[in-house]
Amino acid sequence: MIRFDILTLFPSMFSGPLTESILKRAQDAGLIELGLHNIRDYATDRHHITDDTPYGGGGGMLMKVEPIVAAVEAVRRPKSHVILLSPQGRLFNQSIAQELSTRGHLVLVCGRYEGVDERVRETVVDDEISIGDYVLTGGELAAMIVVDAVSRLVPGVLGARWGAEEDSHATGLLEHPHYTRPATFRGLPVPDILASGDHGAIATWRRHESIRRTWHRRPEMLLNVTLSQDEQWYLADLARETASTLRTHLNRSSSS
Ligand code: ADE
């Protein structure tokens, strides 16, 4: 069981993505709990103002410190982990998702405008996460991504037959290709081996295809995986294949 409390100026943004399909079922089953809180409700002035101009000048508005801190203090518990979503955070990945999925309570603070008053970080934030090197209009979409990636790792959320163990990234490799019926589509057949019934051969084929895909698309990931002797030979073959393709290409372009 994991509980997420999301602090945002736009709680209604969350109603679609987190209330459909797997995340809806997980909430109905009591495997995950979601609380949405409008930061504006924690602003104590008459107009419930949550933003202000920056000291020192410059364009844009900042989120004020008091409403955010009041909101965090209202929902936080002794063992909560408070995360600020911001482009300045550590880059979110599968291993951070795994780490967060072992916690019982995550409080997600969604920034808006040009950012938040620095004292939010100094007083209530334990962790700062970015979902990628680009700037969004606010932390809400980032928070949804964190909730989604973390929730599917909570035991029971994906169901018994469909684990997260073989996901792309969970194994340190990208996933192998998958096929379902029809056996041939527009002249493209399903690889024979998948219909062979030879489970050992299928497992080897899948593992090799994972290595092949990772080599071509994300070769840097291969620096952090453990490969068997056979898999290392397979990877060496792939590297030779790439070198030979490259040579052919270079020869062609130098003679043209
Ligand atoms: N808020 C704005 N941009 C963001 C990003 N890339 N990640 C997380 N929160 C953000």
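Both counts, for ligands and for their atoms, begin at 1 and track the order of listing. Excluded from the calculations below are hydrogen atoms, water molecules and symmetry mates; all remaining heavy atoms, backbone and side chain alike, are included.
Of the protein's heavy atoms, S86 N, 3.2 Å lies nearest to atom 9 (N) of ligand 1. In this structure, the protein non-hydrogen atom closest to atom 6 (N) of ligand 1 is Y134 O, 2.8 Å. Among protein heavy atoms, atom 3 (N) of ligand 1 sits closest to L136 N, 3.0 Å.
Within the 4.0 Å heavy-atom shell around ligand 1 one finds I129. The closest approach between a heavy atom of G111 and any atom of ligand 1 is not below 4.0 Å.
Residue contacts with ligand 1: A142 is placed with no nitrogen or oxygen under 3.5 Å of a nitrogen or oxygen of the ligand (distance criterion only). Of the polar atoms of G132, at least one N or O is found under 3.5 Å from an N or O of ligand 1, judged by distance alone. Geometrically, ligand 1 and I131 share a nitrogen or oxygen pair separated by less than 3.5 Å.
Note on R212 versus E209: salt bridge recorded, some NZ/NE/NH1/NH2 to OD/OE distance being below 4.0 Å. A salt bridge links R90 and D127; the closest N-O separation between the charged side-chain nitrogens and carboxylate oxygens is under 4.0 Å. Between R25 and D28 there is no salt bridge, since none of the side-chain N atoms of the basic residue sits less than 4.0 Å from a carboxylate O of the acidic one.
More than 12 heavy atoms of other residues, nucleotides or ligands sit less than 6.0 Å from atom OH of Y134.
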Check: Going through the checks in order, is the side chain to side chain contact (heavy atoms under 4.5 Å, CB included) test met by M63 and V120?
Finding: CA-CA 9 Å; M63 284 177 81; V120 169; over 6 Å; no
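For S80 against V107, the heavy-atom pair with the smallest separation is CB-CG2, 4.2 Å.
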